[in-house]
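The chains referred to below are lettered A, B, ... by the order of the sequence lines, with proteins before strands, and numbering in each begins at 1. Predicted model, so just to flag it, every value in this text is computed and none were measured.
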Amino acid sequence: GESVGLHLPTLSVQEGDNSIINCAYSNSASDYFIWYKQESGKGPQFIIDIRSNMDKRQGQRVTVLLNKTVKHLSLQIAATQPGDSAVYFCAESPTGANSKLTFGKGITLSVRP
Amino acid sequence: DTGVSQNPRHKITKRGQNVTFRCDPISEHNRLYWYRQTLGQGPEFLTYFQNEAQLEKSRLLSDRFSAERPKGSFSTLEIQRTEQGDSAMYLCASSFEGELFFGSGTQLSVL
């Protein structure tokens, strides 16, 4: 079946460094991709999204890159801060933001002081 | 707090009992979603409503599970004859025409 997955289960970075979290997806019909951040005891929180007609989108300290050729999605966090420590999920949808999402497995980002 | 609200936050029950969870979406959000999440995994889609109509149900949603949104506002998710495998975080999300906003979930433990 279709799946969305992350390459690594954990990532440890030094405070102030840049973080890169990678995700692979298998559904070539996916049109919309999202990154979520989930802190302990809370629901997933939207970070940034990108449509399949784009290959890069920037937000505040975050950048999402989409490579449709190899079905790869990445989240870059600049100047990682302790508050960025959380579990990160990529998710995809074939139709857009306001529809059912398929999530990948989470990767834990740990920021060392 | 104007976010998605879920109650209770935690529920411990014995196997075979019925449980019901409630979700209050963000006001005026027409879509409401239920997801289930187990430790270390991403949320898995269960079902969603547009207003009061239940438009899609996952194969994960066995006949022991039922969800309602009678007036197109709050929703309830009921699990009958709970099993240990039902232990998970049950997340609710709502949306209007954009991103999904998630609640903090109801953590269910079936003993």
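- The structure places CD of B:Glu99 at 11.5 Å from CD1 of A:Ile48, a figure rounded to the nearest 0.5 Å.
- Cluster membership check: B:Tyr48 does not share its hydrophobic cluster with B:Leu61, using side-chain heavy-atom separations under 4.5 Å among Ile, Leu, Val, Met, Phe, Trp and Tyr.
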Contacts table for residues 51-58 of chain A: side-chain donor-acceptor under 3.5 angstrom, sequence neighbours left out:
from, atom 1, to, atom 2, distance (Å)
A:Arg51, NH1, A:Asp31, OD2, 2.6
A:Ser52, OG, A:Asp31, OD1, 2.8
A:Arg57, NH1, A:Asp49, O, 3.1
A:Arg57, NH1, A:Asp49, OD1, 2.2

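- Closest non-hydrogen pair, B:Leu91 versus A:Gly43, comes out as CD2-CA, 4.0 Å.
- B:Lys57 NZ: 12 or fewer foreign heavy atoms inside a 6.0 Å radius.
- Proximity to chain B (any heavy atom under 4.5 Å) is restricted, for A:Gln38, to the side chain, taken from C-beta onward.
- Note on A:Ile50: it clusters hydrophobically with A:Val62, by side-chain heavy-atom contacts below 4.5 Å among ILVMFWY residues.
- Residues meeting the side-chain contact (heavy atoms from CB on, under 4.5 Å) test with B:Ser58, sequence neighbours left out: B:Phe45, B:Leu60.
- By a heavy-atom distance cut of under 4.5 Å, B:Arg31, B:Tyr33, B:Tyr35, B:Gln37 are the residues of residues 30-37 of chain B near chain A, going up by number.
- B:Phe65 and B:Met89 are not part of a single hydrophobic cluster, where members link through side-chain heavy atoms under 4.5 Å apart.
- In terms of hydrophobic clustering, with Ile, Leu, Val, Met, Phe, Trp and Tyr side chains grouped at heavy-atom distances under 4.5 Å, A:Ile47 and A:Leu11 are assigned to a common cluster.
- Contacts between A:Ile34 and chain B at a heavy-atom distance below 4.5 Å are absent for every atom of the residue.
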Please set out all donor-acceptor pairs under 3.5 angstrom arising from side-chain atoms of residues 100-111 of chain B, sequence neighbours excluded.
from, atom 1, to, atom 2, distance (Å)
B:Thr106, OG1, B:Pro8, O, 2.5
B:Gln107, NE2, B:Ala88, O, 3.3

